[in-house]
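Take a look at the structure set out below.
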Amino acid sequence: MAPQPPERLSQQRTARGRSRLRAIGSHATLTPVRFLLAGLVALALGWLPSRAWAHSDLQQAEPAAGASVPTPPATLRLRFSEPLDLSATRVVVTDEGGERVDAGELALGPPGDRLAVVGLVPLGEGVYTVRWATLSQVDGHRWQGTFRFGVGRAPPAVVDVAPPLPSSAELAIRWLALVATTLLVGGLTFRAYALEPILAAHPCPPAVRRSLAFQRAALGLLALASIGEFVASLGVFSSGATGVDARFGIGKAGSLALLRVALVPMIGYLASPRGSLGMALAFTGMLVLTRAQAAHAALFGLGPIFVEAAHQAVAAVWLGGAAALACVVPVLAAASPELGSRVAARFARLAGVAAGLALASGLGNVALLGLAPDQLFDSRYGQTLALKLLLVLAMLGLAALVWRRVSAWDRGRLVVAGSWQPPDPGPDHRSERWRYLRLELVVGAGVLASAAALALLPAPSSAGATVLELIRPINPAGPIRAHLRLDGPRVGTVRAEVHLADRAGALVAIATDIGARLRATPLDVDGHPMDIAATVADGRLLGSPAFDRAGWWRVAASADFAGQTFEVPFELLVPDPNRGSVDLPVPEAEAERMFAAALARMERLRAIRQHEALSDGVGGLFISTAEYAAPDRARLTTDEGDASVTVGMAQMFRRAGQQAWQPLRRTAPLRYPNYRATYEGATAQRAGRTEELDGIAVRILSFYVPRDRAWYCWWVADDGLVHREAMVAPSHYMSTRLDRFDAPADITLEVATSAGG
């Protein structure tokens with residue numbers, strides 16, 4: 001075949017280009033390659049939300065945590081990560097006066113008994129506190145949490161210890177990631193909506209090449225920034241405590257970053273001249289959704305996630321499209337002033353709509369966070385948000401000037417399709433025409449920098465409470481409980497109060513100073529106890545412990561009550577990780593060996609009993625006793641009087657005050673506790689003081705489990721058995737006594753049934 005002349009080849013390329021442009025917006029064929037790409041992303045997105053915890057953790061709430069709803073809800077709906085065991089799952093809703101406003105009955109539903117529904121009495125305007133405690137059907141592990149919602153007004157945000165500022169490296173990586181996402185989304189939208197429809201009738205190859213180069217640069221920057229985000233998710237650049245929250249040791253943020261890395265070549269292929277621009281835009285929508293899943297909106301449920309995704313998408317169309325306009329239109333204008341102005345005018349109409357939607361969705365996000373106006377300058381988050389709003393207003397003003405320059409050229413001629421009268425503005429005027437666009441992009445870079453800071457700073461509504469309140473029974477079965485209130489546990493002197501209350505929360509006064517004492521003892525170092533001057537006032541024991549170091553402490557309170565002296569120990573971490581940051585200590589080789597030996601010894605057990613007292617740090621308490629026998633038997637009793645017996649998939653349950661045992665539906669078989677899985681990834685092991693516990697010499701061992709953000713203390717005997725455990729995790733302050741190691745356990749459904757009869 002004879003070679004084609006250059007003119008003929010140019011005509012063929014132009015014809016093929018027009019054909020591709022005419023196909024934009026039409027139905028694209030889903031080739032096997034594209035089908036495979038879509039399937040991979042669907043699998044990845046489906047994998048991300050699920051987390052393999054060893055407990056039932058709250059995933060979604062209606063009303064959402066920190067939300068303000070205009071009308072009183074009739075029910076509270078909570079969705080958890082694992083099937084719930086009704087025998088020891090509790091949800092309590094109280095008003096601002098501490099009175100219960102839930103109906104008391106808890107119903108479990110699909111999917112797989114993960115949904116808990118609680119009826120509510122008619123609510124008035126106010127703020128309500130939800131305390132939940134769950135028992136997993138899988139392994140009987142208990143978990144709990146606390147959150148607030150408002151009716152008619154937002155829950156107040158209380159900030160104690162100021163969270164650490166994000167490091168400069170974290171801020172730079174997040175800013176680059178937002179810039180790359182914005183350029184990619186805006187560039188593809190500009191190309192699909194403004195550039196290619198105009199070039200379909202008037203081809204301009206230099207402008208097409210410039211647009212593709214812009215797109216490749218955005219993809220390359222996105223790949224680098226996403227890798228940086230993955231590294232940052234491991235805590236490498238963090239200025240606070242390190243710790244990864246999640247699955248396979250990389251956490252949710254790391255998983256999302258890896259997914260964005262995987263999306264880069266997919267979007268690059270689909271956005272190439274041989275691909276499908278429509279599908280490329282769909283995949284960039286998935287990209288934006290991964291960012292919304294890691295934003296503060298993810299704390300409030302699926303709806304706010306989509307609002308956040310829409311906000312990021314329309315903001316990217318506005319700002320990223322403006323950057324693409326500044327990159328491509330000068331090339332078009334050099335070839336044909338008419339083409340450049342038509343493309344600019346077409347994009348300006350889209351940018352106006354996107355700017356309005358970005359402002360509206362941004363204000364919607366602020367409303368979802370429940371940030372009151374007086375909080376704008378009371379927190380770092382509020383100050384940064386105020387700065388972002390000012391920059392956005394400046395962008396709107398500059399965008400209006402750009403639109404004015406585009407729509408009315410030097411002599412006021414309107415750019416209307418079909419009525420173009422091209423003047424000759426000269427090079428100086430052409431440069432001046434885009435001055436405001438360049439200023440708009442500079443301000444936009446500042447908006448993205450403030451958005452990056454907002455993503456790294458905790459919102460005030462999610463900050464912890466100032467006062468830490470722990471509760472312990474003064475004896476294992478007693479109706480009287482001791483409450484320890486600390487005004488923000490931290491290194492230094494803090495105010496402490498101990499009072500007694502019954503199960504209903506009514507104060508039981510300490511009458512005299514007889515036996516009144518507070519003692520603080522460091523646990524993870526071999527330090528000496530420190531006596532604290534204490535007095536009794538208004539029936540409360542008052543003192544001011546001075547914590548001279550960070551780490552685990554025991555605050556023991558004693559006083560005379562009902563003719564005898566009681567003493568109750570409270571284990572806590574200083575500073576409290578739920579109210580500030582805690583630096584991870586360096587692991588000790590001796591402690592690591594001790595931990596490995598104790599874990600191996602506990603793994604060999606085939607039966608055990610656990611007595612647990614579980615506080616939430618704000619006045620809630622859940623007490624239970626669980627007996628386990630391998631491979632799949634358990635007996636559970638709660639402080640309220642409920643009881644259950646489980647063998648595999650079968651379970652009998654008896655409510656407090658009732659005689660009859662009834663079968664309880666299960667969706668998962670019970671497993672004997674897997675200690676190695678529970679403490680997987682433990683680090684920061686430290687060996688502390690040696691003391692005596694129930695006549696047994698024990699050594700205290702502390703460590704941290706990043707997956708659960710949980711800090712532990714073990715009381716380990718010479719034989720490796722753990723006789724006591726203390727844990728601090730989000731809304732989780734647990735003290736556990738362990739005994740009856742490998743003792744015969746008679747746990748059968750027949751015994752439970754006959755006892756009920």
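All figures in this text were calculated on a predicted structure; none of them were measured in a lab.
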I want to check something: taking the side chain as every heavy atom from C-beta on, are Asp739 and His611 in contact at a cut-off of under 4.5 Å? yes

Are Val574 and Val491 close enough, and set up right, to give a side chain to side chain contact (heavy atoms under 4.5 Å, CB included), and what steps lead you there? CA-CA 6 Å; Val574 176; Val491 176; 4.2 Å; yes

Inspect the surroundings of CD in Glu680 and state if more than 12 heavy atoms from other residues, nucleotides or ligands are less than 6.0 Å away. no

Are Arg737 and Leu693 close enough that some pair of their side-chain heavy atoms sits under 4.5 Å apart? yes

Compare all side-chain heavy atoms of Tyr672 with those of Ile608 and state whether any distance is below 4.5 angstrom. yes

Considering all heavy atoms, the nearest Leu541-Arg517 contact: CD2-O, 3.9 Å

Keeping the roles fixed (side chain from Glu497, backbone from Arg540), state whether a donor-acceptor pair exists under 3.5 Å. no

Between Trp715 and Leu523, is there a side-chain heavy-atom distance shorter than 4.5 Å? yes

If you count every heavy atom of other residues, nucleotides or ligands that lies below 6.0 Å from Glu567 atom CD, does the total exceed 12? yes

Could you check whether any side-chain N or O of Glu592 sits under 3.5 Å from a backbone N or O of Pro587, counting only pairs where one atom can act as donor and the other as acceptor? no

Is any side-chain heavy atom of Leu636 closer than 4.5 Å to a side-chain heavy atom of Ser624? yes

Hey, does the side chain of Arg699 reach the backbone of Gly688 with a donor-acceptor pair shorter than 3.5 angstrom? yes

Examine distances only and state if a side-chain atom of Tyr733 and a backbone atom of Glu571 form a donor-acceptor pair shorter than 3.5 Å. no

About how many Å separate CG of Leu106 and CG of Leu78, when rounded to the nearest 0.5 Å? 8.5 Å

With a 4.5 Å cut-off on side-chain heavy atoms, are Gln610 and Tyr628 touching? yes

For the residue pair Tyr679 and Tyr675, categorise the inter-ring angle as parallel (less than 30°), tilted (30 to 60°) or perpendicular (more than 60°). parallel

Is any side-chain heavy atom of Met530 less than 4.5 Å from a side-chain heavy atom of Pro545? no

Looking only at heavy atoms, which two atoms of Ala557 and Val498 are closest? And how far apart? CB-CG2, 3.7 Å

On the 0 to 90° scale, with breaks at 30° and 60°, tag the Trp714-Phe595 ring pair as parallel, tilted or perpendicular. parallel

Check this for me: does any side-chain nitrogen of one of Arg549 and Asp524 sit under 4.0 Å from a carboxylate oxygen of the other? yes

Shortest non-hydrogen contact from Phe547 toward Ala520: CE2-CB, 4.5 Å

Write down the atom of Ile747, the atom of Thr646, and the distance for their closest heavy-atom approach. CG2-O, 4.4 Å

Hey, does the side chain of Arg601 reach the backbone of Leu605 with a donor-acceptor pair shorter than 3.5 angstrom? no

Shortest non-hydrogen contact between Leu500 and Ile474, atoms and distance: CD2-CG2, 4.2 Å

For Arg485, is there any backbone N or O sitting under 3.5 Å from a side-chain donor or acceptor partner on Arg495? no

Applying salt bridge (charged side-chain N to carboxylate O under 4.0 Å, His left out) to Arg689 and not counting sequence neighbours gives Glu691

Nearest 0.5 Å please: distance from the CG atom of Leu614 over to the CD1 atom of Ile623. 10.0 Å

d(Leu701 CG, Met594 CE) to nearest 0.5 Å is 5.0 Å

Between the side chains of Arg472 and Ser615, is a donor N or O closer than 3.5 angstrom to an acceptor N or O? yes

Any side-chain heavy-atom pair of Leu572 and Leu486 under 4.5 Å: yes

When rounded to the nearest 0.5 Å, the distance separating OG1 of Thr638 from CD of Glu612 is 12.5 Å

Basic-acidic side-chain contact under 4.0 Å: Glu627, Arg609: no

In short, ring-ring contact (aromatic ring centres under 6.0 Å, His included) pairs touching residues 489-512 with sequence neighbours left out are His483-His499

What's the shortest heavy-atom distance between Pro529 and Arg519, and which atoms? CB-CD, 3.5 Å

Using only atom types and a distance under 3.5 Å, with no angle test, would you say the side chain of Arg635 pairs donor to acceptor with the backbone of Thr748? no

CD1 (Ile700) and CZ (Arg724) are apart, to the nearest 0.5 Å, by 9.0 Å

